[in-house]
Every structure is written in structure tokens, then in C-alpha cells.
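Reminder, nothing fancy here: chain letters follow the sequence lines and each chain counts from 1. Just so it is clear, the model here is predicted, and its values are computed rather than measured.
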Amino acid sequence: MSDQFKPKSDFLATIMARGYVHQCSDFSGLDEKAAKGELIAYIGFDCTASSLHVGSLLPIMLLRWLQKTGNKPVPLMGGGTTRVGDPSGRDESRQLLTIEKIDENKAGIRQVFSKFLTFGEGKTDAFMSDNAEWLTKLNYIDFLRDVGRHFSVNRMLSMDSVKMRLERDQELSFIEFNYMCLQAYDFVELNKRYGVIAQMGGSDQWGNIVTGIDLGRRMGTPQLYALTSPLLTTASGAKMGKTAAGAIWLNEDMLPVYDYWQFWRNCEDGDVGRFLKLFTELPLDEIARLEALGGAEINEAKKVLATEATAMVHGRDKAQAAAETARKTFEEGVLAESLPTVGMAASEFDAGMGVLTAFVKAGLVASTGEARRQIKGGGLRINDEPVTDERASLSRTQLTSEGVIKLSLGKKKHVLIRPE
RNA sequence: GGGGGAGUGUCCCGAGCGGCAAAGGGGGCGGACUGUAAAUCCGCUGGCUAUGCCUUCGUAGGUUCGAGUCCUACCUCCCCCA
């Protein structure tokens with residue numbers, strides 16, 4: 001990154017100050033376009049799941065800033081590339097998704113974008129594209145002749161991503177080897193169709209993006225640009241967005257708002273400042289103030305982070321409700337009725353519900369065996385009282401005045417049981 | 001096509017004289033300490049109607065009182081030669 005470079009455009013100034021930028025093929029060139037509001041940039045997204053998780057949040061924020069600073073964002077659905085299965089990552093044959101499933105996923109992902117970007121026909125309105133549009137129509141021979149001849153295998157072999165795999169003797173399938181060609185072709189196609197001139201993405205995409213720029217030059221596009229953001233890890237080095245409980249999804253039907261809020265609330269101290277800059281739109285001086293908080297006070301900053309980041313995806317009302325639920329639960333030790341609730345038929349409840357089964361039904365543990373172990377370890381509580389007898393049953397006498405029983409696993413996970 | 005090697009607890013890596021629910025890590029979960037953090041320490045990390053029963057070591061058979069372990073065939077992956 002060039003330290004002496006002073007951006008003229010709001011776009012670059014903002015994203016540089018907030019830490020989104022890792023590498024750029026031509027800062028001043030891109031800056032000029034952005035300053036004139038002529039920057040149309042895209043980022044590609046897989047359609048392998050029906051929602052995106054926080055790992056994709058950073059690129060989404062990039063698109064959002066692009067739009068906010070007067071330029072045009074183009075999210076690209078990998079509708080075509082997903083059809084051959086995502087070969088990256090080492091886990092072998094990932095199931096090939098059916099076309100219907102891919103369409104379903106696309107719809108889910110579209111929902112996410114609608115929360116971050118304004119779509120429409122206007123100059124800075126976002127436009128959703130899908131590489132299925134051109135990739136599925138490709139003819140192999142034509143592709144080889146028109147596009148394939150521009151790729152040098154020698155150069156592809158020298159790319160870091162490929163070189164590493166070869167050196168480590170790791171499998172590199174033909175499809176995967178071709179991925180960069182398809183991605184490069186996407187870039188050119190997006191330019192021809194919609195005037196896209198820049199591709200953004202994670203720093204691991206650098207090689208693929210630059211390959212696209214090259215291909216463009218050979219195929220007669222105007223000058224194209226690459227901009228990458230740093231790969232996100234937590235302060236202790238873990239990958240963002242995956243926990244044992246599952247990925248941190250952005251769609252509410254995949255992950256309750258309360259859990260999403262908790263994810264941010266529980267981030268590591270060392271991440272707060274960085275995350276505030278990347279995942280909220282608070283002014284930088286406000287962030288600097290929050291970041292300066294030390295010791296236990298940093299929890300205030302984490303709450304702000306959680307609420308702001310949640311508001312971005314789920315809306316401010318739901319974010320504040322989640323914050324309030326957390327406040328009651330953790331700070332007042334009061335029962336918050338908005339905790340996740342599991343309904344249960346009264347007849348089933350009255351028939352005698354063993355504690356083990358109850359915790360399984362609540363989804364806090366995976367099996368009665370795990371429930372037993374957690375009881376031994378002191379990890380299960382009913383209405384905040386530790387469970388000691390695994391043979392005990394729930395009964396109506398345990399219902400609180402709100403008509404629920406609160407089950408907890410550890411200190412952070414709570415579920416309400418409501419017989420009805 | 002010929003020769004050699006490997007597939008283990010459904011998160012991953014990885015030991016395993018015929019007595020095995022199977023060593024050890026990592027990760028994860030719980031507990032203690034804190035601040036709903038990190039670091040550290042401790043416990044747990046196949047299922048069930050549970051002093052017992054059932055299912056797990058690539059797949060299918062076989063030998064045996066008993067098979068992750070021995071035999072046969074098959075599948076998959078890797079290496080060397082062609």
C-alpha cells in the first residue's frame with residue numbers, strides 16, 4: 001500500500017481510512033474514476049448456501065461504501081460457477097448443487113444485499129448480475145479459441161495459489177485450475193455488458209483479479225482495476241465467521257438476531273476498533289473514542305459494535321431489542337421474555353418431561369448423553385439453579401410468573417420453555 | 001499396464017502385540033479466574049428406555065470364543081516404473 005498516496009475521491013479516502021484496503025492495481029487511476037463518480041465495480045459471491053455469513057460482510061460493506069460515495073456497485077452471483085461446485089478448499093467432493101437449489105440460494109442472498117444496497121435503474125443504483133447468464137451459454141471450442149488462447153499456462157503455474165498447491169503436492173483439479181479463467185472472463189464480460197471497470201475482493205483473489213485485467217487488455221477492454229481487502233482473522237488468529245455452533249449467518253431465518261448481536265458482543269478486545277471501522281458506519285472520531293476505552297470499559301464499545309453491526313443487517317429496532325434482552329439477561333439477571341423460546345404441547349409437558357429430554361428439545365445439547373455430561377460438569381441450569389439430578393422432571397411448579405421455564409447452558413446460552 | 005504405500009472415533013490431524021468405545025494432539029463445549037474478552041488451569045468431547053444394551057476404524061465377505069488388528073475380493077487416494 002502506498003502511504004504517500006492522497007486520495008481525492010470520497011470512496012478511496014473512506015475505505016483506506018477504515019482499513020478495507022490491502023492492495024490496488026492503480027490507486028491514482030481508480031481514484032480518478034471514483035472522484036468523477038464513474039467507478040462501476042463488482043464483487044463475486046458464491047451461491048453455495050442460502051445465506052451469506054459474516055465472512056462475506058467485508059466485501060458487502062465495500063460495495064455499500066462504493067454506493068454511498070456516488071459510484072455504482074455490482075454484486076455478481078456465481079450462479080454459473082457454483083454449478084460446477086466450488087473446488088477450492090481441500091474437503092473433497094462437495095455435493096453438486098441442483099439448479100433449483102442454486103436458484104433458491106440466490107434468492108436468499110439477494111435478500112441480504114437488499115439490506116445494504118439500493119437497487120434500481122439510477123446512476124448509482126446497484127445492479128445484480130449473475131454469471132450463469134453468460135457462462136452457461138459458453139461453447140467449449142469457441143471459448144478456447146476466443147479466450148483460452150490468451151491464457152499462458154506458464155504464467156498460471158507461477159501464480160502463488162497454484163504454486164503453493166504444487167509444492168505441497170496437494171490436489172489441484174482441472175476445474176479449479178480453470179476457475180481463474182472463468183473468473184477472468186467474468187470480469188471482461190461484465191465490462192462489455194455493463195461497463196464494469198473494477199473488481200474487488202479478498203486478498204486471496206488478487207491473482208484471479210489481475211488475470212482478469214490482463215485478459216481484458218488482450219481482448220480490448222479499457223483499463224481495468226483491482227482492489228483487494230485484507231483477509232480477516234480475529235486477534236487470536238482464527239478465521240472470521242465460523243464457530244462450532246455454525247456459521248454466523250446474515251439471514252434471520254438462519255440465525256436469530258439475538259445470536260447475531262451476541263456474536264459481535266463476544267468479540268475479542270483486540271478486534272473492537274478494527275471491527276467498528278469495518279462493520280459499522282460510525283464516524284472515525286467516535287470510533288477512536290470507543291477504542292480508547294480500557295479494561296472493563298471496553299465492554300461499552302463492544303455493545304456499541306454489536307448494536308450497530310446488527311442494525312446494519314436486521315434494522316435498528318431489532319438490534320436494540322437484542323441489546324435490551326442481553327442487558328436484562330446479563331446485567332440485571334432478570335428473565336427476559338424475548339430470549340429464544342421453544343413451545344411445547346401442554347399434554348406433553350404434563351406427561352412428565354425429564355430434564356435431559358428438555359434440554360435436548362430446547363436445542364441446547366445434542367443428545368441426552370451430552371446433557372448428562374454437562375450436568376456432571378455443572379453446565380446446565382434451570383431457572384438459574386444448577387441441575388444436579390439428571391433424573392429430575394420439569395413440573396408446573398417451576399413455571400415463572402411469565403409461564404416459562406428458563407433453561408441455560410453455560411452462562412451465555414439461554415432458552416425458554418413454554419408449555420401451551 | 002507393472003511395483004509400492006495409505007484409508008481409524010462423521011470437525012481435523014493421528015497412535016493402535018487378536019481382548020477396543022479404541023492412546024495423543026488441535027478444535028469445540030463446560031467449570032474456575034475475569035469484564036459475556038484474551039491468556040491460564042481443570043473437566044468433557046459415540047448413541048440409548050443405562051450397573052445393561054446398540055452402533056463405530058474405506059466396502060463386502062471369511063478365519064476366530066473374540067477382528068481396527070489376520071485372510072480374500074472390491075472401491076478410493078498417493079508414490080515409483082511404463
Side-chain angles (χ1 to χ4, degrees), chain A residues 87 89-95 165-174 233-248 258-276 290-307 309-310 322-334 336 339-340 351-382 384-393 407-415:
Chain A
R90 310 193 37 210
D91 30 357
E92 75 283 352
S93 63
R94 191 176 289 182
Q95 276 182 338
R165 300 283 281 274
L166 294 179
E167 274 165 12
R168 289 190 203 156
D169 256 352
Q170 278 172 6
E171 170 74 8
L172 177 67
S173 74
F174 186 64
T233 51
T234 67
S236 49
K239 261 198 195 144
M240 275 282 292
K242 292 231 176 129
T243 69
I248 304 300
Y258 174 75
D259 290 340
Y260 189 77
W261 192 94
Q262 283 296 325
F263 168 76
W264 295 104
R265 171 65 243 266
N266 285 314
C267 80
E268 296 174 27
D269 286 9
D271 289 328
V272 179
R274 206 158 43 109
F275 286 1
L276 279 166
L290 290 167
E291 211 176 350
L293 296 174
E297 285 200 318
I298 199 164
N299 285 321
E300 293 311 311
K302 289 188 189 182
K303 286 181 217 165
V304 172
L305 168 66
T307 302
T310 305
E324 179 58 14
T325 302
R327 196 184 61 77
K328 278 188 186 159
T329 307
F330 289 99
E331 290 174 29
E332 286 181 18
V334 172
L339 284 171
M353 166 79 45
V355 284
L356 301 177
T357 342
F359 275 94
V360 174
K361 281 209 183 257
L364 288 170
V365 294
S367 66
T368 57
E370 189 188 339
R372 275 175 230 275
R373 281 183 237 118
Q374 289 294 3
I375 288 174
K376 275 195 202 115
L380 297 189
R381 276 167 300 137
I382 295 176
D384 300 318
E385 292 296 321
V387 179
T388 50
D389 179 10
E390 60 183 41
R391 277 175 226 254
S393 288
L407 304 184
S408 312
L409 165 66
K411 292 189 181 115
K412 297 185 192 174
K413 291 173 207 129
H414 311 281
V415 169

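- Side-chain atoms of A:Gln374 lie closest to B:C29 of the nucleotides B:A50, B:G31, B:C29.
- Within a heavy-atom distance below 4.0 Å of RNA chain B, the residues of residues 352-368 of chain A found are A:Ser367, A:Thr368.
- Side-chain proximity of A:Asn266 to B:U45, B:G35, B:A37: nearest is B:A37.
- Nucleotides B:U56 and B:G68, compared at atom C1', are 10 Å apart to the nearest Å.
- The separation between A:Lys303 atom NZ and B:A37 atom P is 13 Å, rounded to whole Å.
- In this structure, CG in A:Asp384 is found 9.5 Å from OG1 in A:Thr329, a value given to the nearest 0.5 Å.
- A heavy atom lying under 4.0 Å from RNA chain B marks the following residues of residues 325-334 of chain A, by number: A:Ala326, A:Phe330.
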| field | Steps toward salt bridge (charged side-chain N to carboxylate O under 4.0 Å, His left out) verdict (A:Glu297, A:Lys302) | value | CA-CA 9 Å; A:Glu297 285 200 318; A:Lys302 289 188 189 182; over 6 Å; no
| request: Kindly indicate, with the supporting measurements, whether the criterion salt bridge (charged side-chain N to carboxylate O under 4.0 Å, His left out) is fulfilled by A:Arg373 and A:Glu370. | output: CA-CA 5 Å; A:Arg373 281 183 237 118; A:Glu370 189 188 339; 5.4 Å; no
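- Here A:Leu380 lies out of heavy-atom contact (under 4.0 Å) with every strand.
- Base orientation of B:C13: anti, the glycosidic angle falling outside 90° of 0.
- One N or O on the side chain of A:Asn266 and one on the backbone of A:Gln262 form a donor-acceptor pair closer than 3.5 Å.
- Under the Watson-Crick and G-U wobble criteria, each requiring two contacts below 3.5 Å, nucleotide B:U40 is paired to B:A32.
- Atom NE2 of A:His414 and atom P of B:U36 are 11 Å apart (whole Å).
- Distances were taken from every side-chain heavy atom of A:Lys302 (C-beta onward) to each of B:A37, B:A50, B:U36; the shortest belongs to B:A37.
- Residues A:Arg391 and A:Val355 have side chains not in contact (no heavy-atom distance under 4.5 Å, counting atoms from C-beta outward).
- A:Thr307 places a side-chain N or O within 3.5 Å of a backbone atom of A:Lys303 that can act as its donor or acceptor partner.
- Distance from the side chain of A:Asp269 is smallest for B:G35 among the nucleotides B:U34, B:G35, B:U36.
- Between A:Arg373 atom CZ and B:G46 atom P there is a gap of 6 Å when expressed in whole angstrom units.
- Closest to the side chain of A:Arg372, out of B:G35, B:U34, B:U49, is B:U49.
- Checking A:Trp264 against A:Thr310 by side-chain atom types alone, no donor-acceptor pair falls below 3.5 Å.
- Contact between the side-chain N/O atoms of A:Lys413 and the OP1/OP2 oxygens of B:G30 is found at a separation under 4.0 Å.
- Taking atom CZ of A:Arg381 as the reference point, atom P of B:G30 lies 10 Å away to the nearest angstrom.
- For A:Arg265, the side-chain atoms get nearest to B:U36 when compared with the rest of B:G35, B:U36, B:A38.
- Candidate nucleotides B:U36, B:A32, B:U45 were compared by shortest atom distance to the side chain of A:Lys411, and B:A32 ranks first.
- In this entry the distance linking CD of A:Glu370 with P of B:A50 reads 19 Å, nearest Å.
- Applying side-chain hydrogen bond (donor to acceptor under 3.5 Å, both in side chains) to A:Ser408 and the options A:Arg381, A:Lys413, A:His414 leaves one that passes, A:His414.
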